[in-house]
Student: 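Please find one structure pasted underneath; my questions will follow.
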Amino acid sequence: MDFDDLHFDRRAYDPQIAYAQSKTANSLFAVGATRRWARDGVVANTVNPGGVATGLQRNFTRHQKDSLAAAEAAGVFTYKTVEQGAATSMVAAVDPQFATSGGHYLDDCQEAYEVPNDADLADHPHGVKAWALDPDRADRLWTVSEQLLRP
């Protein structure tokens, strides 16, 4: 998360970086929400469905399509069917271990393992970077979000 330029006002907009930043924000929100609401019985977890073959890709630029094709050819990921993509969401929704425990990042139907921030995710396709689970960053996102909601 680039907290100093969330809206790409001072840097060139890159849709893939924006997407990655939004996924990190989802994870940090789950950590922050769980910390605030778990004692009231409310927990949140993050789900990565993986690369799912949907109509979304039709709007990608040629560069984005080529980048994903290269990643798939290198074995970094394989497109999933819609059903396969939905499976991890189902695990998060019905697995008893996640009913009272939050702040987890689920990938490929299980909790992802944490990797260092400098890890290459191509080497850890089912890992989650430490920064995406960091409680201090989650608190910072929470504060920034509250500020954005104020008139």
Side-chain angles (χ1 to χ4, degrees), residues 1-68 71 77 79-80 82-121 124-151:
M1 299 286 307
D2 184 345
F3 287 104
D4 297 321
D5 192 16
L6 288 174
H7 302 291
F8 292 83
D9 295 326
R10 292 182 295 283
R11 59 188 163 139
Y13 179 76
D14 181 315
Q16 289 175 294
I17 291 174
Y19 179 77
Q21 185 167 281
S22 74
K23 296 298 282 186
T24 299
N26 287 342
S27 183
L28 292 173
F29 178 84
V31 171
T34 297
R35 287 182 62 185
R36 285 161 177 78
W37 303 328
R39 67 181 160 274
D40 296 322
V42 178
V43 297
N45 290 298
T46 305
V47 173
N48 177 16
V52 182
T54 65
L56 176 67
Q57 293 82 10
R58 74 179 177 279
N59 297 315
F60 285 4
T61 64
R62 171 58 40 210
H63 174 71
Q64 289 171 307
K65 290 176 184 178
D66 291 346
S67 176
L68 287 173
F77 82 98
Y79 275 111
K80 295 180 178 183
V82 172
E83 293 81 7
Q84 290 168 328
T88 303
S89 294
M90 293 302 299
V91 168
V94 302
D95 191 320
Q97 72 176 318
F98 301 115
T100 58
S101 178
H104 304 284
Y105 185 97
L106 283 73
D107 180 87
D108 211 25
C109 296
Q110 61 190 347
E111 185 168 4
Y113 57 93
E114 189 175 319
V115 299
N117 291 332
D118 62 353
D120 185 348
L121 285 181
H124 302 280
H126 301 292
V128 59
K129 298 271 182 119
W131 69 51
L133 301 173
D134 183 272
D136 293 332
R137 288 177 194 247
D139 286 343
R140 185 168 182 197
L141 177 64
W142 202 273
T143 299
V144 168
S145 298
E146 286 178 332
Q147 291 169 347
L148 289 170
L149 292 172
R150 291 190 186 117

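Quick note: residue numbers are just sequence positions, from 1. All values derive from a computational prediction rather than experimental measurement.
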Student: Are V82 and T54 close enough that some pair of their side-chain heavy atoms sits under 4.5 Å apart?
Tutor: yes
Student: Under the criterion side-chain contact (heavy atoms from CB on, under 4.5 Å), I'd like the reasoning laid out for F98 against V43: C-alpha separation, chi angles, the key distance, then a yes or no.
Tutor: CA-CA 8 Å; F98 301 115; V43 297; over 6 Å; no
Student: Any idea which heavy atoms bring Y113 and P125 closest together, and the distance?
Tutor: OH-N, 4.2 Å
Student: List the atom of V52, the atom of P49, and the distance in Å for their closest heavy-atom pair.
Tutor: CG2-O, 3.9 Å
Student: State whether the side chain of E111 and the backbone N or O of H104 hold a donor-acceptor pair below 3.5 Å, judged by distance alone.
Tutor: no
Student: Would you check if the side chain of D134 reaches a backbone N or O of D136 as a donor-acceptor pair within less than 3.5 Å?
Tutor: yes
Student: Would you check if the side chain of D107 reaches a backbone N or O of A112 as a donor-acceptor pair within less than 3.5 Å?
Tutor: no
Student: Should the pair D139-R36 be classified as a salt bridge under the 4.0 Å nitrogen-to-oxygen rule?
Tutor: yes
Student: Return the minimal non-hydrogen interatomic distance between N117 and K129, and the atom names on each side.
Tutor: O-NZ, 2.9 Å
Student: Give the ring-plane orientation class for F29 versus W142, where under 30° counts as parallel, over 60° as perpendicular and anything between as tilted.
Tutor: parallel
Student: Identify the two heavy atoms, one from Q21 and one from L6, that lie closest to each other, and give their separation to 0.1 Å.
Tutor: NE2-O, 3.3 Å
Student: Is any side-chain heavy atom of Q64 less than 4.5 Å from a side-chain heavy atom of Y19?
Tutor: no
Student: Using a 3.5 Å distance criterion without hydrogens, assess whether the side chain of S89 forms a donor-acceptor pair with backbone atoms of G85.
Tutor: no
Student: Atom CG of D118 and atom CH2 of W131: how far apart are they, to the nearest 0.5 Å?
Tutor: 9.0 Å
Student: Do the side chains of R137 and T24 get nearer than 4.5 Å, heavy atoms only?
Tutor: no
Student: Compare every heavy atom of L106 with every heavy atom of N45, then report the nearest pair and how far apart it is.
Tutor: CB-CD1, 4.1 Å
Student: OG1 of T34 to CZ of R39: how many Å apart, nearest 0.5 Å?
Tutor: 11.5 Å
Student: Supply the atom-to-atom distance H7 NE2 to D5 CG, rounded to the nearest 0.5 angstrom.
Tutor: 9.0 Å
Student: Shortest non-hydrogen contact from A30 to T46?
Tutor: CB-OG1, 3.4 Å
Student: Take K80 and D108, measure what salt bridge (Lys or Arg N to Asp or Glu O under 4.0 Å) needs, and give me the verdict at the end.
Tutor: CA-CA 10 Å; K80 295 180 178 183; D108 211 25; 3.3 Å; yes
Student: Taking side chain as C-beta onward, heavy atoms only, is F3 less than 4.5 Å from L141?
Tutor: yes
Student: Please examine the side chains of M1 and V144, heavy atoms only from C-beta on, and report whether any two atoms are closer than 4.5 Å.
Tutor: no
